[in-house]
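Chain letters run A, B, ... following the sequence lines, proteins first, then strands; residues in each count from 1. Computation of the quantities below employed the complete heavy-atom set of this structure, encompassing side-chain atoms and omitting hydrogens, waters and symmetry-equivalent molecules.
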Amino acid sequence: MAVTTPELTATEPHGPTGLWSWITTVDHKRIGIMYGITALVFFVVGGLEALLLRLQLASPNAEVLSADAYNQLFTMHGLTMVFMVVMPIAAAFSNYFLPIMLGARDVAFPRLNALSYWVFVGAGLFMYSSFILGGAPDGAWVGYAPLSTQLPETVRMDFFALGIQVAGIASIASSANFIATVFTMRAPGMTLMRMPVFAWMTLIVAFLLIFSLPIVGVGLWQMFFDRNFGSTFYLAAAGGDPLLWQHLFWLFGHPEVYVLILPAMGIVSEVLPTFSRKPLFGYAFVVFAGIAIAFLGFGVWSHHMFTAGMGPLAEAGFALSTMFIAVPTGIKIFNWIGTTWGGSLRLNTPMLFSLGFVAMFVIGGLSGVTHSIAPSDTQQHDSYYVVAHFHYVLFGGAIFGYMSGVYYWFPKWTGRMLNETVGKWHFWLMMLGFNLTFAPMHLLGLNGMPRRIYTYPEGLGFEFWNFIATLGAFTIAVSVLVFIVNLIWSKRKGDVAGPDPWDGRTLEWSIPSPPPEHNFDEVPVVRSVDDFWHRKYTEDEEGRLVPMPAVSGGALAVDETTTGGDDDGHGEIHMPSPSYYPALTAVGMTVSAFGLTYTPWGWIAVGVGAVTMLLGLFGWAVEPVTKEDQ
Amino acid sequence: MVKRSQMMRRRLVLLFATLGLALASCSGSGDQSALDPKGPIARDIDNLWLLVFWISVVVFVLVEVALLYAIRKFRERPDEDFRPKQIHGNTRLEVLWTAIPAVILAVIAVPTVAGVFNVREIPEGPDVLEVEVIGHQWWFEFRYPAYTNAAGEPLTTASVLHIPEDVKVNLIMTSADVIHSFWVPALNGKRDLVPGNTSNLTLIADDPTPSDDPLPGQCAEYCWLAHADMRFKVDVDTQAEFDAWVAEQLEPVVVPTSGPELEGWETFQSVCTACHQATVQQPDGTVETIGVSLAPNLGHFWGRGVFAGAKYEITDDLMAQWLDNPSDLKPMDPDRNDIANGRVLGMPDFGLDGTQIDGLIALLKSWE
Amino acid sequence: MTDVTASVDAPHDGVAHDADHHDVRPIRKAAMWVFLGSECMFFGAMISTFLLYRNTTGDGPTAELFNVPFTSASSFILLMSSLTMVLAHAAFERKDMRQARVWIGATALLGSVFLAGQIFEFTEFVHEGLTFTTSPFASSFYMLTGFHGAHVLVGVLMLSTMYVLSLNGRLYEDRGLNVELVGLYWHFVDIVWIVIFTVIYLMQV
Amino acid sequence: MAEAAHAPHHPTQKAYWQIFVLLAVITAVEVAIAYIDMPSWLFVGGLTVFMVMKFAIVVGYFMHLRYDINLHRGFFTFGVIGAIAVFVVLLATFRAL
């Protein structure tokens, strides 16, 4: 089914090569690859932190880590996994595949896209530099005041406050970018209801991010001012209320957890139909369930604060709103099972991970519902039961979903297949290790083991299950090693995958892999959901699948596209030219963040950083998108 | 080569073995478990939990079985050319699996809302025992405003909360530094102690606990270094035992006049009163409260049985180690203490010599 | 949202899709509007922090300190700058570059006068004992008006850059920094001040 | 081209001046209200009404949202309504409305 690629006459601007080409790239595919690699590196780092934590908790009163080291590591494990692993992996897939799935040649603002990546990298390095500059943040990933503002003379929580602020700016920029891309750059004929579900989920995630990050931005500025300029936002003695931070944080926090899971749900909604050879069951219902989750996501934040003393009315209200989030989630799960029902399932690794996602997310979702029961949540809150819940939805859910995405789309961005046998070993090892680690935590939590404790005494019945969890954690580590071996080996020696190895349904399978920089020679006209599938197959009278009668080899995909007026359809394709301004602006922003951490003498660095940022922004605002435009 | 489906089946069995093993051993609940309540409120919460738990198990089994059945039945058989029917959806089914979960949740919602108001109800009336709980970095302070000693100070103790059986105890809770959370799973859910706010928690214990096996509790909100070692005990007494305990606690401790205790008393006055407090009876009979209450009250300290946030049993050699260098036994950061502004992050190492340590131990023992 | 799809396709089909340079202006406007939507959340959070702490004045000065006539004058100035901004955009649409430059300059000037007024007002308040650390009321007041001032400053910077660019004719329509987008941003900063002025200065509830 | 379709809707230069005068008058009335003592519900209600009017006028006419496509209207109203809804609930939980 290879699409014969007409002779390219696109004038590829002769871009720089080597490292400089990566620093100045504005191609959404290369930025996607950079996001993916950075996320994988942080995933390994976050994983090592988790192993250290598990070693310390393997036995009571252990001496592996001191309390101070443990606190830094569990805080950085949380921050790393949320802000530097799961969000960037979602960004990697969205950056790479959103434009292609919509039939576009790039995102709406290529240079803003580059800025988002470089600011994210700046934020990551800024936060990790804290390890050698006086200790990493140790206030837990939620950084509750007044603990976060108790020691203004240290810099640890300044790295927390400014690190998330800078990462937030990167996410707001990329959200605006994706929203503009989805609403203004779809292929002709592709209405919103003909978009792939992954595109829908990326759009909803962009809305969740762009409307929730400013709120935590205000909270973080307040924390930063309390710590460095003596303001009294959270100082109880002066009349400030520490609960204000919890409200502002969780107003962002809950939409954030949907930001972490929805892209994985989007990937599963692409993988399941492809490997069941059946359309997604109830496309519209899955999409509207996603939108419902987005709206409800803004109305439930205080279920993280049932024990904070908000009074019965608020607790009852948020318990009810939280309960009804289970309805749209249930719709999604039933529709996924509906998709596999009556299909012809090929159990390759992407399919295994997606099925693993559905199986594990059911457990995580149900334990989530038990949290919405406010009275029983007072026993579960801040215990290991909650740790089990969010690992079942974040690891069993998001990470399994993204692993499915990696196995599914690896052939597209490298041109080679990931090895199936090694893939299956990776899946089963991760499945086993995951359950061994996090299933016992349900029991530990209910047996009264609180969260974030660096050790526990003997005699409370925590020893056995903590040991099992540590074994599980090392099994996961082995499975991640198997995964990395698979990635490295297959990049060179994997079987050559054509443009459409899985007989896919969406537009990215209609272009060669790896795709050229301009994606489509001719932008396709889209007539239905899963349009590429309907060009290959049709249905006989009882709705059974029938291959489309073979049309002269390969012309199928080409003549379907707009011929673009009278010329022979290969008009000049101008791709935006590389630009170093985004990277420069990101460097300026990171330098300013370092400066702000070390005021008063830091003001010099802030000045230098601000000037660099202004230069970057000014050059960027005046520079034409494509150089020949002059 | 083993047929593919055989291998697949063996792996599925392996998966469910581990899951089953995990769930099957629910029974092993220690005594800080939320699963064996020892008070009416904890029992109500437990009943609500069990209702929701069993509904979840049913839903879990149904959904997972449906998924596994779909995997087994509709797996692509290499031999026959099975071309699936292209079903796009089924609105009736969609309505069904929207309505059913909504109905189940509506059913659960009723006891939930009732439960919220029940758990949050603040008991009033003469028969209610009010106890002020103040969270400090890394120990709990308990004050009984109803009982005051000769010097007019309310009964103050630390790390061990004595309550009579079958009495509604209304804990009025706040924090002196950061947010903590008071959690004794056997009696009630946890409740945060927020500086600047007061919150309430009701404890009702069914029957008294043996004196050597009180109900364990722990701080459940991360409060920095020794969060794991900020524990407390709830000692449930019969009404008679409780009254005797109160009477004994209200007695001022006697200032020694001779022996190693006197040596201890000298050290106590010069070193310990910077943070600790005690109501003492001077040799001339006058009763006064000396010291500052930034750290646990040392009157009747030895009788509590546990110290350092209920992390250690009180024994001579542990007390000697503690007095020698407290940070060896518990992770603290005394260098960041700011006594003037009330910020206490640990007991510093005063470099006491042997005789001072023995004197203090003798003094505290004499104060029983 | 459904009618969104029909109208959105309009600008799309109007332009031959394969033309090498599709019209970027609707794309940039969509991004600006969604960014302004998110800024509502930013200022909304700060305004609600202020409303929470409006009476927590400790022993420091309270809301009586506000000089309503002075602030009304600076609000009027900001309102005028909105007018000059929209006149600048209208002139730019009519390709009347000279007139557009005049109005852009006027907007930048009025913006600067407003900023000067704010700085003067802040020094006045500090003299009367309302500093950033006096009370939660003071902290939230200064943070809200401070961030609004920062947004006005960024606006003045963009306006003066456009003024300089238009001097040598390098002010293009399809660049990031064009009159329409800066106009939207400037009007947004003005309506945030409309809310701040009424809720903080006038209501003093 | 696309602009031609928009031009007639845009208010003319004179209309802009009229809108500006209207806004100035509303501001003057608001300041006047601030100096008259009246029951607090009327005071707060009145000021809020005028504030919303000025807000709507500037967004509608100066920012051309009245003549703009539904997409932009959707983005902005989602932000404004979302902010109001979320922060009213926040202040309600603090019992600080």
* Engaged part of B:Pro185 at the chain A interface, taking heavy atoms whose separation is under 4.5 Å -> both
* Drop me the distance from B:Trp97's CH2 to A:Lys332's NZ, to the nearest 0.5 angstrom. => 14.0 Å
* Rounded distance (nearest 0.5 Å) linking atom CG of B:Asp192 with atom CG of A:Asp382 -> 7.0 Å
* **Which atoms of A:Ala284 approach chain B - backbone, side chain, both or neither, heavy atom under 4.5 Å** => neither
* Asked: If you measure from CG on A:Leu446 to CG on B:Asp36, what distance do you get to the nearest 0.5 Å?
  -> 11.5 Å
* Go through B:Ser175, B:Ser199, B:Pro111, B:Ala109 and name the one with the most non-hydrogen pairs under 4.5 angstrom from chain A. => B:Ala109
* To do: Could you tell me which portion of A:Phe427 (side chain, backbone, both or neither) has an atom closer than 4.5 angstrom to a non-hydrogen atom of chain B?
  => neither
* Structure fact -> Ranked by heavy-atom pairs below 4.5 Å to chain A, first place among B:Gly196, B:Ala70, B:Ala42 goes to B:Ala70
* Asked: What part of A:Pro146 lies closer than 4.5 angstrom to a heavy atom of chain B: side chain, backbone, both or neither?
  -> both
* Using non-hydrogen atoms and a 4.5 Å limit, figure out which bit of A:Glu153 sits close to chain B: side chain, backbone, both or neither. => side chain
* To do: Report yes or no: does A:Gln379 contribute a side-chain atom to a donor-acceptor pair with the main-chain N or O of B:Ala34 at less than 3.5 Å?
  => no
* To do: Say whether, by atom type as modelled, one donor and one acceptor occur between the side chain of B:Tyr222 and the main chain of A:Asp138 under 3.5 angstrom.
  => yes
* Does a side-chain heavy-atom distance below 4.5 Å link B:Glu94 with A:Phe288? -> no
* Where the side chain of B:His227 meets the backbone of A:Arg451, is there a donor-acceptor pair that is under 3.5 Å apart? -> yes
* Asked: Picking from B:Thr98, B:Val119, B:Ile100, B:Ile41, which has the most non-hydrogen pairs under 4.5 angstrom with chain A?
  -> B:Thr98
* In terms of heavy-atom proximity below 4.5 Å to chain A, should B:Gln218 be classed as side chain, backbone, both, or neither? -> side chain
* Interchain contact, A:Asn335 with chain B, by part (heavy-atom threshold 4.5 Å) -> both
* To do: Look at B:Val184, B:Asp229, B:Thr198 and state which one has the largest set of heavy-atom pairs under 4.5 Å with chain A.
  => B:Asp229
* **Proximity breakdown for A:Leu280 and chain B, heavy-atom pairs closer than 4.5 Å** => backbone
* Asked: With a 4.5 angstrom heavy-atom cut-off, which part of B:Asp177 approaches chain A: side chain, backbone, both or neither?
  -> both
* Nearest heavy-atom neighbours spanning B:Ile179 and A:Pro242 -> CD1-CB, 4.2 Å
* Asked: Can you tell me if B:Lys190 uses its side chain to pair, donor with acceptor, with the backbone of A:Thr378 under 3.5 Å?
  -> yes
* Asked: Which pair of non-hydrogen atoms, one from A:Phe306 and one from B:Arg120, has the smallest distance, and what is that distance?
  -> O-NH2, 3.3 Å
* **Side chain / backbone / both / neither for A:Ser372 at chain B, heavy atoms under 4.5 Å** => backbone
* Asked: Considering all heavy atoms of both residues, which atom of A:Thr455 and which atom of B:Ala228 are nearest to each other, and what is their separation?
  -> O-CB, 3.4 Å
* To do: Name the option with the most non-hydrogen atom pairs under 4.5 Å to chain A; the candidates are B:Gly342, B:Pro216, B:Pro331, B:Pro101.
  => B:Pro331
* Which atoms of B:Trp183 come close to chain A, meaning under 4.5 Å heavy atom to heavy atom: side chain ones, backbone ones, both, or neither? -> side chain
* Contact summary for B:Trp49 and A:Ser376, nearest pair of heavy atoms -> CB-CB, 4.1 Å
* Below 4.5 Å from any heavy atom of chain B, which atoms of A:Arg452 appear? Answer side chain, backbone, both or neither. => both
* At a heavy-atom separation under 4.5 Å, does A:Glu463 approach chain B through its side chain, its backbone, both, or neither? -> neither
* Structure fact -> Applying a strict 4.5 Å limit to non-hydrogen atoms, the region of A:Ala374 in contact with chain B is both
* Any chance you could measure A:Thr370, atom OG1, to B:Ile55, atom CD1, to the nearest 0.5 Å? => 12.0 Å
* Option in B:Asn197, B:Leu201, B:Asp338, B:Leu93 with maximal non-hydrogen atom pairs under 4.5 Å from chain A -> B:Asn197
* Under 4.5 Å from a heavy atom of chain A, the part of B:Lys73 involved -> neither
* Checking A:Ser276 against chain B: side chain, backbone, both or neither under 4.5 Å from a heavy atom? -> backbone
* Do B:Arg343 side-chain atoms and A:Gln150 backbone N/O form a donor-acceptor pair below 3.5 Å? -> yes
* To do: Measure the OG1-CZ distance between A:Thr307 and B:Arg191 for me, rounded to the nearest 0.5 Å.
  => 7.5 Å
* Which region of A:Tyr454, side chain (C-beta onward) or backbone (N, CA, C, O), has a non-hydrogen atom less than 4.5 Å from a non-hydrogen atom of chain B, or is it both or neither? -> both
* Got more than 12 heavy atoms from elsewhere within 6.0 Å of CG, A:Leu313? -> no
* Asked: To the nearest 0.5 Å, how far apart are CG in A:Leu320 and CD1 in B:Ile108?
  -> 11.5 Å
